[in-house]
Protein chains: 4
Amino acid sequence: MPKRVAVEIERSLRERLASGEWASTGRLPTERRLAAHYGVARNTLRKAIEGLVREGKIFRHVGRGIFVNREPSPIEQIFHVLRDVSPADLLAVRQIVEPQAAALAASHASRAQIEAIAEAHRMGCESGEIALFEQWDAEFHQRIFAATRNELLFAIHRLLSLIRQQNAWIDLKRESFGEEQRRNYCRSHARILEALRRRDDVAAEREMRLHLEETRQALFGRH
Amino acid sequence: MPKRVAVEIERSLRERLASGEWASTGRLPTERRLAAHYGVARNTLRKAIEGLVREGKIFRHVGRGIFVNREPSPIEQIFHVLRDVSPADLLAVRQIVEPQAAALAASHASRAQIEAIAEAHRMGCESGEIALFEQWDAEFHQRIFAATRNELLFAIHRLLSLIRQQNAWIDLKRESFGEEQRRNYCRSHARILEALRRRDDVAAEREMRLHLEETRQALFGRH
Amino acid sequence: MPKRVAVEIERSLRERLASGEWASTGRLPTERRLAAHYGVARNTLRKAIEGLVREGKIFRHVGRGIFVNREPSPIEQIFHVLRDVSPADLLAVRQIVEPQAAALAASHASRAQIEAIAEAHRMGCESGEIALFEQWDAEFHQRIFAATRNELLFAIHRLLSLIRQQNAWIDLKRESFGEEQRRNYCRSHARILEALRRRDDVAAEREMRLHLEETRQALFGRH
Amino acid sequence: MPKRVAVEIERSLRERLASGEWASTGRLPTERRLAAHYGVARNTLRKAIEGLVREGKIFRHVGRGIFVNREPSPIEQIFHVLRDVSPADLLAVRQIVEPQAAALAASHASRAQIEAIAEAHRMGCESGEIALFEQWDAEFHQRIFAATRNELLFAIHRLLSLIRQQNAWIDLKRESFGEEQRRNYCRSHARILEALRRRDDVAAEREMRLHLEETRQALFGRH
DNA sequence: GTGGTCTAGACCACG
DNA sequence: GTGGTCTAGACCACG
């Protein structure tokens, strides 16, 4: 391989890295050893390494050596994205998922699950403080997802709830949440519940969609 | 109340643990240091620790020390659930999310993004091997989610893809994926792409829904 | 400058490039001459150049030399972006700009300009073919911008029109534009015109906003 | 019809010109080659060309050849208008666009984008020199537009910035920009940023509107 | 003759 | 002893 030696070595290093050859110690041999191993000058070896460094697959410490950069697990990567999501994106996803969850709940919920949803509705409407109302509001939506009997859908909803918890600002505007708006929410919940009781999936979907539209306007006005 | 000393220390350790005092290093001081700190014998200190060990909040390695058992983050817990989700649940979620993602892509994609989707379509149809086809198939769907310009939606799709990768059996039936079915998929993709090009969100949503219905039948037959 | 010689040279080259020293011929001296000029080895000189190449400020041709890469003018850059804009982004901008343009027109238009707007309205409502209707529709909006007497605002509207022309797909869905929807548009135009005639800027803004909301729903449905 | 030969050739050249046959190189063949191509004398060929030269579609350089006179694109024409826009028109457009951009940013910005805006604010307030302050001021507004995630809106803002750069006199009065006014700007920026952090779109829009009103008074006094 | 690649050595700051 | 930088030379493919 006289041509493009550095490229060949880079490919080789990439493979050895992926194979986990250096995973146990977390470090690569020194530049000098690697150069000797491949029978090239140190400069060439360094060129071969450059790309891996730029991609963050390895990193170098002067005087210490070259280290493998443990890749963040896919879940860590996703988690990182989730922490930085905009309110608009979050609401858009809710508008996609929640109406259809309501429809699924209408056809899959047990009687007990519907009663649990009804309880969350009643507690929310009766609660005096805003904080308590919000808690029961969250519970209302959560129980609808539980009633879909789709564990994945339920997990996704828990994920969305988590984002809302970690980004307090998302619901911040609700602090200016008036008594009137609260009564509106209560009425919307009542209509969703009504549809679920009737096992009317079309109506459940529609009412949930309208409720989220109402939420959107409370949060973003006319945008 | 000399006998209650251990209980007091346990309470103290519990608080310090919860406060995150040892979260950074992930380890507690040695038993000897802790005993000295509280001014008690090592035996007493060990009694105070026992409960925490039983609850799994800390664990001991002989000769190494006492370590904090970092609780799995809520997201890790959620992810744990995701690991054994049923194929039916997964498909149901896809049927909820993907058609609406296609609709969003129709209105939010840049021209370049639509061309990227077209490329994935073309490569998929042209690829000879099944493995290659599946790769471009996944890419096709992924690029549609990217074109929605909703980072959260995109992250959720990556999550679903991850589940499919880690539960290879979910798509098991696809191994019996015939040439005819592949041509059908190709045609479906073409229709979705066509709708995206026309920026027709209603058609994009419909074609994606039909495509997933086709997938459902390939996986589960007609029920 | 014994330390980081390459960095120093890069800085120098960057300055000379920006000063236009090589703009007339469009090419730099050879690597060998540059290295001699700075009194360094060719390798070092190459390292100094690398960054400029990556940024696209210069490019190299084997056997020919190093060339200056003429930077696209800001207007070319903007134009490039405009060609790749999504329908959603375009509509959002219209929703920002047009209602306020209508309000400005209400207070700044001459009587003749309002009559010109009225003419576009009348011609649109009367026109039999869709193509003709669309032309007069565009004219209606354009004349409102002209009536704001703000040349910049008018220019921006022409820019938006240009984008729509160059991206035929943006209005493609209007081909499925029914007779009923057309009558709705006609009624909306009438209400906007009415407000302009009354010199009621608040009403003009509101009616234009409602009209664009109507357009949004025609294009994107419920997204 | 031998006399009409020139007319025929002119028609042919016109077509070939419109077809873009010579658009890539920007130049036509030499007169001699064209004459040979059409099988006519150079005199006839020159006659055929005359009209095109008079219309400015092509132009001749003695000793160099015949060149296509690329017509300015519609966007270049629009840009030409923009070059001498009045300060009042520019400010009016900013007053239309920027408050709504701020509102959009409140709902669409990622956390990282809001931090970038905060950085521009902080750097502006801390900077000693006026020139530096103005640079960070521009950056503050630019980053808000970036945070809207609307590429068209961002491009329009870049266009407005370009106009301001090329018409330095538009902001001329700012040279008499006192320390007090600067502190006011800083406070306004702080209030806008505060609203963005709270994700309060209504407040963000209002604070931006007040800030631009403040700018208007600094430029034009109270009229 | 040009840029692209490589060699075999050297000294440096840092750990 | 490690990675970071640099030298002075060489041969290559390509124009």
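On a predicted model such as this, the values are computed, not experimentally measured, just so you know. These numbers come from the heavy atoms of this one structure, side chains and all, not from hydrogens, waters or symmetry mates.
- For the pair Gly63(A) and Gly39(A), both in contact range of DNA chain E, the more 5′-proximal nearest nucleotide belongs to Gly39(A).
- For Asn43(A) against dT5(F), a side-chain-to-base donor-acceptor contact under 3.5 Å is absent.
- The CD1 atom of Ile49(A) sits 16 Å away from the C1' atom of dC6(E) (whole-angstrom rounding).
- Distances were taken from every side-chain heavy atom of Arg42(C) (C-beta onward) to each of dA8(F), dT2(E), dG4(E); the shortest belongs to dG4(E).
- Of all nucleotides listed (dT7(E), dG3(F), dT7(F)), dT7(E) comes nearest to the side chain of Val40(A).
- Around atom NE2 of His80(A), no more than 12 heavy atoms belonging to other residues, nucleotides or ligands sit under 6.0 Å away.
- In summary, Lys47(A) and Glu10(A) do not engage in a salt bridge, as defined by a charged side-chain N under 4.0 Å from a carboxylate O.
- Regarding contacts with the backbone of dG4(F), a side-chain N or O of Arg60(A) is found under 4.0 angstrom from either OP1 or OP2.
- Residue Ile58(A) contributes atom CD1, which lies 16 Å from atom P of dT2(F) at whole-angstrom precision.
- Across the protein-nucleic acid pair, Glu31(C) atom CD and dA13(F) atom C1' stand 14 Å apart, rounded to whole Å.
- Relative ring orientation between Phe67(D) and Phe59(D) is described as parallel, the plane-to-plane angle staying below 30° on a 0-90° scale split at 30° and 60°.
- Every residue was checked against the ring-ring contact (aromatic ring centres under 6.0 Å, His included) condition with His121(D), not counting sequence neighbours, and none meets it.
- Side-chain atoms of Arg32(A) and base atoms of dG3(F) include a donor and an acceptor less than 3.5 Å apart.
- Place Leu45(A) and Arg64(A) on DNA chain E by their nearest nucleotides, and Leu45(A) ends up nearer the 5' end.
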So what is the 5' to 3' dot-bracket string for DNA chain E, if pairs are Watson-Crick or G-U wobble with both distances under 3.5 Å, crossing pairs use [ ] and | means the partner sits on another strand? ||||||||||||||.
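- Listed pair Thr44(C) / dT7(F) meets the phosphate criterion, a side-chain N or O lying under 4.0 Å from OP1 or OP2.
- With rounding to whole Å, Ile66(C) atom CD1 is found 10 Å from dT2(E) atom P.
- Protein atom NZ of Lys47(C) is 8 Å distant from nucleotide atom C1' of dC6(F), rounded to whole Å.
- Partner of Ile58(A) under the side-chain contact (heavy atoms from CB on, under 4.5 Å) criterion, chosen from Asn69(A), Leu13(A), Ile49(A): Ile49(A).
- Distances shown here put a side-chain N or O of Arg46(C) below 4.0 Å from the OP1 or OP2 atom of dG4(E).
- Tyr38(A) places its OH atom 17 Å from the C1' atom of dC6(E), with the value rounded to the nearest Å.
- One atom, CD of Glu50(A), and another, C1' of dG4(F), lie 10 Å apart when rounded to the nearest Å.
- Nucleotide dC11(F) holds its C1' atom 15 Å from the CZ atom of Arg4(A), rounded to whole Å.
- When the shell of 6.0 Å around CZ of Arg33(A) is examined, it contains 12 or fewer heavy atoms from other residues, nucleotides or ligands.
- Considering every non-hydrogen atom in both Val81(C) and Glu151(D), the closest pair reads CG1-O, 4.1 Å.
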